[in-house]
Amino acid sequence: MRAVVCQEAGGPEVLAVADRPDPSPGPGQLVVELAAAGVNFIDTYLRAGVYPASYPHVPGSEGAGVVVGVGDGVAGVAVGDRVAWESAPGSYAERVVVPADRAVPVPDGVPLETAAALMLQGLTAHYLVTSTYPVRDGDDVLLHAGAGGVGLLATQLAVARGGRVITTVGSAEKEELSRGAGAADVVRYRELDDVAADLPRVVRDLTGGEGVHVVYDGVGKDTFDASLASLRRRGTLVLFGGASGQVPPFDIQRLNRAGSLFLTRPTLSDYVVTRDELLGRAAELFAAVEDGTLDVRVGATYPLADAPDAHRALEGRRTTGKVLLVP
Ligand code: NDP
């Protein structure tokens, strides 16, 4: 089979297609013929060496496809079943070994590409707005990178719960997409002279001087100060990523001075701990796709061999919605 293989950490050019032996399923595992793999920010962190990886490294952790092999001790899954996953290392490959307990059955009404697009970013959007800070009817919400993969999905889910969502985006095209997802107000933050000073002022103007109940911030370094200053008293900052870089060490007294704020830094694996939790969140997402209340935008699809271009686009802020790789 063909797979994308990195021999060393580096820029997008280290992603090269190579032949690999066809995998066979060990106990508790499935082998899945890939329909689509998701491209995620964490793949770029591992490729670049920001997070450690061992080499040769096959990137990717997310995808969907059809089961072609079932290992010993696996019950309830058969060859030919359609499954999706968010945590199977080596997903940028024609055949992927997936732990059976992380494989989610995909309903007939959901295309495999849509399922691949929903697993990591969709589950993230779901846990952020339903569990980390559960959006309540009438809440004011600020969400950065509103036209991104997590952004478009989290906006729709927060609006469905009655939130009034303000987003930030990097371009006019992204503004249109974000409004289409239900954002009530959209701020083009790259046009502000000083994001840390100007964005909180805009947000307060939009919320009657109060600030928002919650900020979901996956941009990190460039937005963190603005996010804190955009919160109302006792508001919650959910820092869930660092697309612009990691936030430096933080003086906890700032939470006190800024109005008894809450700060959390969540990660998906802590919100899909048990199989029931994984299946429950995925089932809600798939049901929303099937009844038409959740639109999943696949902004770009690349062949496996063009993985370097996919990474360049994601890191260069040129993507909207989900980026997929197909065999
Ligand atoms: P996106 O599709 O949102 O892409 C990132 C977006 O961030 C860009 O399109 C861009 O939007 C914005 N951005 C702002 N500054 C930069 C910068 N300097 N470089 C690159 N992008 C920048 O990505 P995802 O939806 O996949 O992920 C969003 C964030 O969520 C990431 O930080 C990711 O690591 C994190 N994440 C966290 C998870 C968790 O459980 N904690 C799980 C999944 C993702 P614009 O042009 O509009 O500014």
Side-chain angles (χ1 to χ4, degrees), residues 12 37-48 50-51 59-62 86-87 116-133 142-157 166-179 181 183 186-192 195-196 199 215-224 226-227 237-247 263-273 277-278 281 285 296-300 310-325:
V39 178
N40 290 291
F41 248 90
I42 191 161
D43 308 342
T44 69
Y45 305 149
L46 283 159
R47 184 213 71 219
V50 176
Y51 292 174
S61 64
E62 174 188 45
E86 42 70 46
S87 56
L118 263 182
M119 293 306 290
L120 208 145
Q121 293 168 336
L123 290 167
T124 298
H126 187 277
Y127 85 72
L128 290 174
V129 308
T130 65
S131 300
T132 308
Y133 175 93
L142 174 63
L143 173 69
H144 294 300
V150 175
L152 285 173
L153 296 167
T155 301
Q156 294 175 74
L157 297 177
I166 303 167
T167 62
T168 59
V169 297
S171 69
E173 185 212 354
K174 290 183 178 187
E175 172 169 353
E176 200 177 318
L177 288 169
S178 182
R179 286 192 191 279
V186 181
V187 183
R188 291 199 220 158
Y189 52 179
R190 291 165 88 170
E191 293 171 13
L192 300 174
V195 172
L199 183 59
V215 183
Y216 297 104
D217 187 345
V219 170
K221 186 159 90 44
D222 290 354
T223 46
F224 182 76
S227 296
L237 173 50
V238 180
L239 177 71
F240 68 96
S244 68
Q246 301 306 319
V247 175
L263 170 65
T264 179
R265 176 47 176 104
T267 197
L268 174 60
S269 56
D270 288 320
Y271 286 88
V272 286
V273 179
E277 190 173 29
L278 173 66
R281 293 191 192 281
L285 290 166
V296 182
R297 177 182 169 83
V298 176
H311 276 215
R312 283 187 195 103
L314 188 63
E315 293 175 293
R317 307 173 75 160
R318 295 192 302 278
T319 63
T320 57
K322 185 70 197 176
V323 180
L324 293 178
L325 295 178

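Please read these numbers as outputs of a predicted model, since none were measured by experiment. Throughout, residue positions are numbered sequentially from 1 according to the sequence presented. Just follow the structure's listing: the first ligand is 1, and inside any ligand the first atom is 1. Excluded from the calculations below are hydrogen atoms, water molecules and symmetry mates; all remaining heavy atoms, backbone and side chain alike, are included.
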Polar side-chain atom of [X] near backbone of [Y] as donor-acceptor pair, under 3.5 Å:
| X | Y | value |
| --- | --- | --- |
| T320 | G299 | no |
| T168 | A145 | yes |
| T44 | H311 | no |
| T130 | H126 | yes |
| R281 | Y271 | yes |

Which atoms of ligand 1 sit under 4.0 Å from any heavy atom of [X]?
| X | value |
| --- | --- |
| G149 | 1 (P), 2 (O), 3 (O), 25 (O) |
| G218 | 29 (C), 31 (C), 32 (O) |
| Q121 | 24 (P), 25 (O), 26 (O) |
| T267 | 40 (O), 41 (N) |
| V169 | 47 (O) |
| V150 | 25 (O) |
| G170 | 45 (P), 46 (O), 47 (O), 48 (O) |
| L268 | 39 (C), 40 (O) |

Verdict with supporting geometry, Y216 and V150, side chain to side chain contact (heavy atoms under 4.5 Å, CB included): CA-CA 10 Å; Y216 297 104; V150 175; over 6 Å; no
Close approach of V219 to ligand 1, heavy atoms, under 4.0 angstrom: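 Yes.
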Please write down residue, atom name and distance for the protein heavy atom closest to [atom].
| atom | answer |
| --- | --- |
| atom 30 (O) of ligand 1 | F240 CE1, 3.2 Å |
| atom 19 (N) of ligand 1 | A243 O, 3.2 Å |
| atom 9 (O) of ligand 1 | K174 NZ, 3.2 Å |
| atom 48 (O) of ligand 1 | Y189 OH, 2.5 Å |

Any N/O pair R317/ligand 1 closer than 3.5 Å: yes
